[in-house]
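Structure, as structure tokens:
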Amino acid sequence: MTQFSVPWKQSPPIEHRGPARGIVALARFVYKVATPIVSRFPGPILIAAIVFSTLAVWAHWELFGWVETIAVSDLNGSANSIWGQSLTVAEIGAYLESKSVFAGGILKYLLWPLQMELFRDLVGLAAIFQLFNLIPVYAIWWERKVAGRIQSRMGPMRVGGWHGWAQSFADGVKLVAKEDLVPAQADGMLFRIAPYLAFVPSLLAFLCFPLGSYWVFRNVDVALIFIVAMVGVEVVGVIMAGWASNNKWSVYGAMREACQMVSYEIPMTTVLLVPIMTAGTLNMVQIGDMQSGGWFTWNAFHNPFTFIAFITYYIASLANCKRAPFDLPESESELVAGFHTEYSGFRWSLFFFAEYAAMFVVSGLAVTLFLGAWHTPLPATWAFEENSLFNVLLNGILFSSPFWFIFKCFIFIYIQLWIRWTLPRIRIDQVLYSCVQVMFPIACIALVGHAVWMVLLDGTMVSTVIRWVLGLMMAAVTFGFLSVAAFGYRNGRRMVGYLAVKQLPGS
Amino acid sequence: MADTIAPINPADASAPRQADVRTEEMLVNMGPQHPSTHGVLRVVLRTDGEMVLQSVPHIGYLHRCAEKIGENVAPYQYVPYTDRMDYLAGMNNNQAFALAIEKLTGLEVPERAKYIRVMFAELNRIASHLVAVGTYGLDMGAFTPFLYCFREREMLLDLFESACGARLTYSYITIGGVTDDLPDNFVDVCSEFLDYFEPKIDDYNNLLSYNHIFVKRTGNVGVISAEDAIRYGLTGPVLRGSGVKFDLRKAKPYEIYDRFDFDVPVGLPGGTAEIPRGVVVGDCWSRYYVRVKEMIESVKIIRQCLRDLPDADEKEGICNKKCKTVKLPDDEVYMEIENPRGQLGFYVKGDGSAIPARVKARGPSFCNLCVLEYAGKNCLLADIPAIIGSMDVVMGEVDR
């Protein structure tokens, strides 16, 4: 009598090799440790993240600033070299003890390397890289949750426990552990390089992206040009990927991307001139700090032309980072998957990361240039004196902090998701028509109009009134949106119908 | 907009040319594995950049000898095979074959079964059009309406499941009646569903049909004139989208369709309150919108069915008792019905035994697909999914 065999029970567990083995093991370990914690305390962790990001500037200043200060000023002369050999552990410890915070202990040993600029940069780069990794991971998770809500389903619910918070990590581990496929007929070298060319520029854009007044890795005077350039370089990687794949659909995707990017860079950079003209500088930190006087001083509400420029910029930025309704380069129903048809595993995830990082970068540009950067709607002149940690926290929550910058960026990312899951895709001739015939003339009008306004009306009564009117309009729109969202959230079941309540888990 | 862009013919010497820029034609295989060919359709596109100069459909990837099987099994055994032909409209396919055999053998169908048949045919029409409308949005890049449509379709499938136990291949309408009587509360649940479903059609219209981008993508694209539609033998919403008011349920009422009051929607020119600007008769938008309107008409028919549904007759049953023993006379018959995709006809020839000598199906998807070469030329690449989607072909029935 033959025994009935169950194939799936007898198959051995998958053996990962090389670095994937370590990554999978690490992921398993982290998953075992982190899952119960996050699932049990999602609320406190969220609050802790907000508090941390609010206090981050302060913490950064405390850690880096002191070291920098003593390296340059307290020990004048001897520590001017970048390596700072003359500064000993004992000296730093003494300095920290004189400040009477974190006195003694292991901290001073940990901080000792930070006196060297190289190490400070390395720590900063590591932090930026982490931010750069976490933002796409959570943007992807969030997109899936938002899409689920819009489509009356749940989105990820299993991995990690609380609303599938670890879904993106699990996907990432899966992608890294997948087989590395290069088509036989592909141009191997270009095919391998292309994802990095798409990925690295968006990472570089973060280098001079200020998250707060004092919180920027490199405060470059031409930061804006650098960021726009880095966003533009991404297209090279995409074209390379499409061409090297040796797939006709990929070539179509790459050519569409090239065509679309080149066209939309023009109106986008043209409208970017408008806030530059207001600020008189290309320095992102300065542009951000100019908008600290409450919501009505934000650049978008300066006059009608800046408002138009803001809207135009946002639409152009959608096209620039290939988001719907301009997602032609990877349009699923026409080009299979466009330029990344032949990609899989880790290289594919790099394209994905690049896309979401680019979404954050363009949203960050919109926030920094038009909508008050890291400031809250309250004027910064009302801020408390920062003589206690509580006041620092209060100022961060009420007036300005990296938390607000990231929060605003995620609002714009949310609008991108919202548009993507609502609108159909437009056609290539309509893409170019709307760029050349609509967006570019509007951008020019905004630019010229703003210039004229600045010469004739800036600082007059009319300007102030218009500023308030526009600001109130935006406030009304925001409030209306929040009300509609709240109503939908409260009455979701009723709007879907009572049959749905019985049958559908997501309604 | 597509008609304003004329492709440059390389052979035409008078065409404007740039000295150093030369374009080449490229042959692209769209399918058989492609997200928007709705199955295993392969279309060979002759393209010049984004322009498509010619598109030739190649079929046969899903051929399963469906007609030949019909010559080897008894008719009541063949009913499940008709489900597999047009798998989105199983009820209608069952109905077509059952009607053909009943016409051939003269089997009587109980009165209640007739109403149930019409009701399920119309429910299946709604289910099928929901897929058509939803996937058409998907072809245009709008993902959300697709899931809304499927949300409602799930409820329809629940209704089907409650009646016959299957959710896709029903074999519910069978020769001589239907396989089983309705569950006790079916009338209540069904009218509850209709009350829920009818306002949802407005949602689809607001979300998709009247969406500006959607109208721009589908209006005046793939226009088929009424004469050409008739000449190509198109049927169903594809024909009615071209403005020809022809529906077998009205023109040649089969079953009991002459007892119901309903309209036949046709494609209308744009610019009115209902039809947006930019739409012309016979374009993709009209074909799409005819389906949306047909769902409303189907709801009307189902409501009348539920109202007039006769009570169960214990003696008569729900299915003719002779359905499995009947011999086919030495005769031939052709019976056509209005499927969600058009006219589905079955030709059956008997030779005195219980097994047909010949079974032949006239599939609407197959006949409608032949117009792709006519409609899908000199357009943009992105219009090809729009045109194929508006045909609403089901490859299982094209290849049979």
Side-chain angles (χ1 to χ4, degrees), chain A residues 143-144 146-155 247-253 255-256 259-260 323-328 330-338 341 417-434 495-507, chain B residues 1-2 4-5 26-31 33-37 45 47 49-51 135-148 150-152 154-155 158 189 192-193 195-197 199-200 203 207-208 211-218 221 379-386 388-389:
Chain A
E143 163 139 36
R144 295 177 64 173
V146 168
R149 277 285 156 187
I150 289 177
Q151 298 169 346
S152 87
R153 47 189 185 89
M154 299 297 272
N247 180 323
K248 287 170 181 173
W249 298 117
S250 301
V251 174
Y252 266 117
M255 290 304 139
R256 281 182 175 189
C259 165
Q260 188 174 313
R323 294 297 294 186
F326 301 100
D327 56 345
L328 287 96
E330 48 198 295
S331 53
E332 189 228 353
S333 59
E334 294 153 27
L335 304 184
V336 190
T341 307
L417 305 184
W418 188 16
I419 291 172
R420 169 162 180 195
W421 296 105
T422 310
L423 294 182
R425 185 184 307 117
I426 65 179
R427 213 165 50 193
I428 187 74
D429 60 326
Q430 292 158 356
V431 168
L432 295 180
Y433 173 85
S434 57
M495 292 200 291
V496 173
Y498 77 107
L499 264 171
V501 179
K502 278 192 283 186
Q503 301 192 4
L504 293 165
S507 55
Chain B
M1 224 165 259
T4 58
I5 303 168
M26 179 162 78
L27 277 184
V28 189
N29 262 314
M30 191 170 174
Q33 308 295 333
H34 190 279
S36 69
T37 52
L45 306 174
T47 60
E50 285 273 341
M51 291 295 300
T135 51
Y136 197 46
L138 201 59
D139 287 342
M140 296 294 104
F143 202 94
T144 302
F146 171 70
L147 282 151
Y148 285 4
F150 266 62
R151 180 181 66 192
E152 270 74 80
E154 280 303 300
M155 298 175 189
D158 287 345
V189 179
E192 193 183 325
F193 167 76
D195 293 342
Y196 162 78
F197 176 68
K200 290 287 165 201
D203 282 5
L207 194 59
L208 193 62
N211 184 304
H212 187 70
I213 297 176
F214 183 75
V215 175
K216 283 273 177 199
R217 281 293 306 274
T218 55
V221 168
C379 58
L380 285 166
L381 187 65
D383 293 337
I384 296 292
I388 295 176

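As a basis for the values below, the full set of heavy atoms in this structure was taken, side chains included, without hydrogen atoms, waters or symmetry mates. In what follows, every chain begins at residue 1, and chains take the letters A, B, ... in the order their sequences are listed.
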| task | For chain A, find which of B:Gln33, B:His212, B:Met140 contributes the most heavy-atom pairs closer than 4.5 angstrom. | result | B:Met140
| task | Using modelled atom types only, decide if a donor and an acceptor are shared between the side chain of A:Lys248 and the backbone of B:Leu27 within a distance under 3.5 Å. | result | yes
| Minimum heavy-atom distance between A:Thr422 and B:Thr144, given as atom pair plus value | N-OG1, 4.5 Å
| Residues in side chain to side chain contact (heavy atoms under 4.5 Å, CB included) contact with B:Ile213, at least two apart in sequence or another chain | A:Pro325, A:Leu423, A:Pro424, A:Ile426, B:Asn211, B:Arg217
| note | Residue set satisfying side-chain hydrogen bond (donor to acceptor under 3.5 Å, both in side chains) with A:Gln260, at least two apart, ordered chain then number -> none
| Nearest heavy-atom neighbours spanning B:His34 and A:Val336 | CD2-CG2, 3.5 Å
| said: With a 4.5 angstrom heavy-atom cut-off, is it the side chain or the backbone of B:Met30 that approaches chain A, or both, or neither? | reply: both
| message | Tell me the closest heavy-atom pair linking A:Trp249 and B:Leu381, and the distance in Å. | response | CZ3-CD2, 4.1 Å
| said: If the threshold is 4.0 Å, N to carboxylate O, is there a salt bridge linking A:Arg256 and B:Glu50? | reply: yes
| task | Tell me, for B:Tyr148 versus chain A, whether the close heavy atoms (under 4.5 Å) come from the side chain, the backbone, both or neither. | result | side chain
| said: Just verifying a value: how many Å separate B:Leu380 CG and A:Asp429 CG, rounded to the nearest 0.5 Å? | reply: 5.0 Å
| field | Euclidean distance, A:Tyr252 OH relative to B:Met26 CE, rounded to 0.5 Å | value | 4.0 Å
